[in-house]
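Each ligand, and each atom within it, is numbered from 1 in the order the structure gives.
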Amino acid sequence: MIKNMPDLKKAQRRTKNDVNIIKDSFFIPPMMQNIGQGKYYHIVTYGCQANERDTETINGILEMMGYQSCTDAAEASVILLNTCAIRDNAEQKVFGKIGAIKHLKQSKPELIFGVCGCMAQEEDTVNEILKKYHHIDLVFGTHNINDLPTLLQEAMQTKETIVDVLSQEGEVFENLPTRRDNKIKAWVNIMYGCDKFCTYCIVPYTRGKERSRLAVDIIDEVKSLKAAGYQEITLLGQNVNAYGKDLNSEDNFASLLEAVALLEIPRIRFMTSHPWDFSAEMIAVIAKYDNIMPFIHLPVQSGNNDILKIMNRQYTVEEYKELFDKIKAAKSNVSISTDIIVGFPNETKEQFADTLALVEYCQFDNAFTFVYSARKGTPAAKMVDNVSLKEKQDRLQILNKSVNKYMHLQNERFENKIVEVLVDGPSKKDENILSGYTAHNKLVNFKGDKTLIGKIVKVKIVEVKTWSLQGEVI
Ligand code: 5AD
Ligand code: SF4
């Protein structure tokens with residue numbers, strides 16, 4: 001049953017209409033209350049922190065209906081894939097997983113298998129699902145997570161695939177249930193969507209218009225997280241700097257950040273910041289408060305002005321460097337990381353060399369590097385591209401070599417230094433080793449007692465690697 005099909009043209013539309021803040025939309029139909037008693041759900045989350053945060057909402061909704069989470073998909077009565085559409089390889093992973101779940105559905109026909117997240121917002125993906133993947137019961141998007149109980153009921157009552165994907169600008173939903181697994185660090189949404197329309201990026205189509213939560217709602221959430229013992233919060237948005245622009249108030253990201261800092265939660269982070277509206281006020285607030293972590297993610301994407309222009313990034317390399325230098329000068333010893341795309345359509349060797357030169361100038365603490373991937377519906381996907389995939393991959397390797405060199409160099413700043421580590425838990429590789437992150441977002445492994453988990457402890461760095469630091473508790 002097709003309730004709403006995604007429509008990229010509609011998703012592209014932006015109006016000046018006020019954003020509705022909806023506080024009382026959520027309900028569980030009577031038939032669905034407690035339907036999950038004694039049953040399990042299994043969610044696989046792909047992609048960015050926005051999806052991780054959405055999964056926490058989905059967890060909360062399902063648990064309100066009585067379901068419990070499980071790690072083994074074979075035990076679940078509801079399986080959901082919360083998908084990412086940012087690059088083709090992310091999508092291929094999801095299609096692989098969809099295929100792998102087919103046998104579960106065959107052996108357990110009452111299983112509800114759903115696909116949600118950014119891929120659900122794409123017309124082509126949904127058409128492919130309808131054509132080829134008949135074992136999917138439910139497709140819903142990023143704008144109607146609150147309808148999940150009703151959609152599940154409909155999926156249980158019909159053998160057809162239910163598709164309900166809204167391609168609207170979006171609203172702000174408050175008061176949705178949430179279940180956070182992590183009791184130490186929390187994501188806090190401050191705004192949704194993106195209006196930047198970088199020409200390569202699908203996000204403005206899958207996540208809708210930039211829309212901010214009210215400061216009072218954000219502050220209330222942070223206060224209750226603090227009361228629950230959280231040590232770190234990360235303020236989330238596709239571009240947090242745009243916070244407040246859609247509100248009829250004086251609030252902006254600098255004022256919000258300051259208000260959050262004053263709540264005295266030990267660690268505050270935020271992501272992602274676009275260089276475009278990174279204001280002087282923001283820099284001043286970041287510099288002023290010690291609980292705003294000295295780590296900033298500032299995606300540059302390319303070191304060439306012509307490419308930046310075709311990407312619609314709205315800044316030049318010179319402006320980026322100026323901002324970079326200002327942040328470094330304002331907050332002592334700050335770490336800066338970035339995102340870089342190589343092989344944008346028709347990127348020349350010289351233009352790529354400009355990116356390498358920028359990396360040399362900035363000596364980033366970390367850089368997430370990607371081969372350009374055409375996303376259907378975006379302006380860049382229509383550009384003829386004369387750079388072969390092999391050439392793009394070669395450029396990525398060259399870039400990564402340089403990035404890794406500077407990562408190691410930046411890590412050396414901490415050799416023999418005492419740093420504060422927020423302990424996450426046992427390390428992934430060795431049960432007897434603890435791991436956690438420093439204020440500068442460096443991963444540290446060290447021997448220590450499990451009672452330290454969730455605490456901020458002083459650790460001396462004894463060995464520096466590219467991806468992590470080795471330490472000893474002092
Ligand atoms: N191809 C490759 N990388 C992309 N990103 C966004 N869209 C694409 C694309 N089409 C990268 C950008 C962004 C990060 C989250 O993903 O670098 O900052
Ligand atoms: Fe995509 Fe650009 Fe928006 Fe980031 S700022 S989500 S790269 S369109």
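- Summary of contacts: the protein heavy atom closest to atom 7 (S) of ligand 2 is Tyr200 OH, 3.4 Å.
- Counted by atom type alone, Thr234 and Gln49 present zero donor-acceptor pairs between their side chains at under 3.5 Å.
- Protein non-hydrogen atoms do reach within 4.0 Å of atom 1 (Fe) of ligand 2.
- Among Gly237, Ala242, Ser273, Cys198, the residue whose heavy atom lies closest to atom 8 (S) of ligand 2 is Cys198.
- A side chain to side chain contact (heavy atoms under 4.5 Å, CB included) with Arg211 is found for one member of Asp246, Asn20, Leu247 and no other, namely Asp246.
- Proximity to Ile341 (heavy-atom distance under 4.0 Å) selects the following atoms of ligand 1: 3 (N), 4 (C), 5 (N), 12 (C), 17 (O).
- The protein heavy-atom contact nearest to atom 4 (C) of ligand 1 is Arg87 NH1, 3.4 Å.
- Shortest non-hydrogen contact noted between Asn182 and Tyr230 is O-OH, 2.7 Å.
- Less than 4.0 angstrom separates some heavy atom of Tyr372 from each of these atoms of ligand 1: 1 (N), 2 (C).
- When heavy-atom distances to ligand 1 are checked against a 4.0 Å cut-off, Thr378 has no atom that comes that close, whether in backbone or side chain.
- Both the backbone and the side chain of Tyr200 come within 4.0 Å of ligand 1, counting heavy atoms alone.
- Ring orientation note: the planes of Phe368 and His297 are nearly perpendicular, at an angle over 60° on the 30°/60° scale.
- Contacts between Arg313 and ligand 2, counted as non-hydrogen atom pairs separated by less than 4.0 Å, involve the side chain only.
- For CZ of Arg13, the number of neighbouring non-hydrogen atoms (other residues, nucleotides, ligands) closer than 6.0 Å is 12 at most.
- From the protein, the heavy atom lying nearest to atom 3 (Fe) of ligand 2 is Cys194 SG, 2.3 Å.
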### Task
Start with the C-alpha gap between Arg213 and Glu221, add the side-chain angles, then the distance that decides, and say whether salt bridge (Lys or Arg N to Asp or Glu O under 4.0 Å) holds.
CA-CA 11 Å; Arg213 292 180 70 196; Glu221 185 173 352; 2.6 Å; yes
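- Among protein heavy atoms, atom 14 (C) of ligand 1 sits closest to Asp339 OD2, 3.4 Å.
- The Cys201 neighbourhood of ligand 2 comprises atoms 1 (Fe), 6 (S), 7 (S), 8 (S), with distances under 4.0 Å to a heavy atom of that residue.
- Under 4.0 Å from ligand 2, the heavy atoms of Pro204 that appear belong solely to its side chain.
- Without hydrogens or angle criteria, Arg269 side chain to Ile233 main chain gives no donor-acceptor distance under 3.5 Å.
- Residue Asn239 is tested with Met271, Lys245, Lys196 for a side chain to side chain contact (heavy atoms under 4.5 Å, CB included); the sole match is Lys196.
- Nearest protein heavy-atom contact of atom 9 (C) of ligand 1 is Ser373 O, 3.6 Å.
- Counting only distance, with no hydrogens or angles, the side chain of Ser373 and the backbone of Asp88 share a donor-acceptor pair below 3.5 Å.
- Residue Arg375 places no N or O, backbone or side chain, under 3.5 Å from any N or O of ligand 1.
- Contact between Val371 and ligand 1 is present, with at least one heavy atom of the residue lying under 4.0 Å from the ligand.
- Considering only non-hydrogen protein atoms, atom 12 (C) of ligand 1 sits nearest to Gln301 OE1, 3.4 Å.
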### Query
After noting the C-alpha distance and the side-chain angles of Lys209 and Asp195, does the key distance pass the salt bridge (Lys or Arg N to Asp or Glu O under 4.0 Å) rule?
CA-CA 6 Å; Lys209 137 173 165 173; Asp195 290 347; over 6 Å; no
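- Of the possible polar contacts, none joining the Thr206 side chain to the Cys118 backbone as a donor-acceptor pair under 3.5 Å is found.
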